[in-house]
Amino acid sequence: MGLFDDLSRFLETRLEEFLKAHPDLELQALDEQLRQQESDTVRLLAESRSEEQRLQHSVLATAETIKTWHLRIDKAMKANRPDLAQGARDREADLLNQGNQLWGQMKGIRERIAQMEALLRQIQERRQEVKQKLQAMRVEQQKAARSTPTEEFSGWTKPSSSWEELEKQFHDLEVEQELQKLKQTRR
């Protein structure tokens, strides 16, 4: 495990060094992370709004059922049936309790929706800030690239033209070595 931990720490350190050397990549990673959070929040917000609608329909249906049982209490009382009236009162009380629970759930969902909307705005604002910083950094990099024509090797990446030049040099070396071999075999 010690070797794995050491390797893991080494890679984390190298990644941190790389990101410090390339802040634009760090901003791109942050932008991607914020984009994912925004997407997740939008999805959860849609699910919560759907849940709110479902609860709202349940509350309305329960209210209609309560109304029906309330009318039944009156009918039972007019018919001089206290046994039916008491049963209807019990059912109405049970439905009122159920309606209160549904109302509480709907209120909780509405609060959660408000929190998610606030979070979504914060994420969008933060993402916009990151995009602006990234754009400003790219403009600065372009200015710097125009003012310094020399290419530097960073240890992590090398411009493709340098790789092509390196490839050409190795090709020349290999051709030269083959020619030397041919000369030696002909002697």
Side-chain angles (χ1 to χ4, degrees), residues 1 4-5 7-142 156:
M1 278 295 184
F4 180 74
D5 291 337
L7 179 61
S8 179
R9 276 191 296 272
F10 171 76
L11 292 175
E12 286 175 18
T13 302
R14 295 299 290 170
L15 179 61
E16 288 172 14
E17 290 171 2
F18 177 73
L19 290 176
K20 285 179 185 176
H22 299 86
D24 58 320
L25 294 179
E26 186 173 17
L27 285 175
Q28 287 176 353
L30 181 57
D31 182 51
E32 178 58 28
Q33 182 182 14
L34 289 169
R35 187 200 62 73
Q36 185 62 43
Q37 287 177 352
E38 181 179 10
S39 174
D40 291 345
T41 303
V42 166
R43 181 183 49 77
L44 289 172
L45 196 52
E47 290 173 5
S48 294
R49 285 183 178 142
S50 176
E51 179 69 9
E52 177 191 23
Q53 288 294 317
R54 187 191 66 74
L55 285 169
Q56 191 173 24
H57 290 298
S58 294
V59 166
L60 292 174
T62 303
E64 285 297 318
T65 307
I66 290 171
K67 185 177 176 183
T68 300
W69 282 98
H70 189 74
L71 293 173
R72 287 179 177 173
I73 293 170
D74 289 341
K75 283 182 185 178
M77 295 297 288
K78 287 178 184 174
N80 199 21
R81 293 285 311 263
D83 58 322
L84 287 178
Q86 185 57 48
R89 281 188 198 99
D90 291 344
R91 179 66 177 137
E92 182 185 40
D94 184 51
L95 288 168
L96 283 169
N97 185 38
Q98 183 181 344
N100 285 335
Q101 288 177 357
L102 290 170
W103 185 262
Q105 289 174 2
M106 189 172 67
K107 186 178 175 186
I109 288 283
R110 286 180 176 166
E111 289 172 4
R112 191 168 58 202
I113 286 172
Q115 291 171 350
M116 281 190 278
E117 287 172 340
L119 176 63
L120 182 60
R121 282 190 300 275
Q122 289 174 350
I123 291 170
Q124 289 170 336
E125 289 170 5
R126 180 69 175 126
R127 190 164 176 216
Q128 188 62 35
E129 290 171 9
V130 167
K131 284 182 178 185
Q132 289 172 349
K133 285 180 183 178
L134 191 56
Q135 183 63 28
M137 187 175 292
R138 287 179 178 154
V139 167
E140 287 298 317
Q141 287 175 344
Q142 288 173 351
W156 284 90

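Everything quoted here is computed from the prediction, not taken from an experiment.
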Please report the interatomic distance [atom1]([X]) to [atom2]([Y]), rounded to the nearest 0.5 Å.
X      : Y      : atom1 : atom2 : answer
Glu64  : Leu60  : CD    : CG    : 8.0 Å
Glu140 : Gln142 : CD    : CD    : 10.0 Å
Leu134 : Glu129 : CG    : CD    : 13.5 Å
Arg110 : Gln56  : CZ    : CD    : 5.5 Å
Thr41  : Ile123 : OG1   : CD1   : 3.5 Å
Asp31  : Gln128 : CG    : CD    : 9.5 Å

Could you tell me if the side chain of [Y] sits less than 4.5 Å from the side chain of [X], heavy atoms only?
X      : Y      : value
Gln124 : Leu120 : yes
Arg126 : Leu30  : yes
Arg43  : Glu47  : yes
Glu111 : Lys107 : yes

Okay, side chain of Thr65, backbone of Ala61: is any donor-acceptor separation there less than 3.5 Å? yes

For Ala46, does its backbone N or O pair with a side-chain atom of Ser50 as donor and acceptor, under 3.5 Å? no

Considering all heavy atoms of both residues, which atom of Ala85 and which atom of Ala76 are nearest to each other, and what is their separation? N-CB, 3.4 Å

Can you give me the closest heavy-atom contact between Ile109 and Ser48, atom names plus distance? CG2-O, 3.4 Å

From the options Glu38, Gln37, Gln122, select the one residue that forms a side chain to side chain donor-acceptor pair (under 3.5 Å) with Arg127. Glu38

Basic-acidic side-chain contact under 4.0 Å: Arg54, Glu51: yes

For residues 89-106, dump all side-chain donor-acceptor pairs below 3.5 Å to protein atoms at least two apart in sequence or in another chain.
| residue | atom | partner | partner atom | Å |
| --- | --- | --- | --- | --- |
| Asp90 | OD1 | Gln86 | NE2 | 2.9 |
| Arg91 | NH1 | Asp94 | OD2 | 3.0 |
| Glu92 | OE2 | His70 | ND1 | 2.9 |
| Asn100 | ND2 | Leu96 | O | 3.3 |

Salt bridge (charged side-chain N to carboxylate O under 4.0 Å, His left out) for Arg112 and Glu52? Distances and angles first, verdict last. CA-CA 10 Å; Arg112 191 168 58 202; Glu52 177 191 23; over 6 Å; no

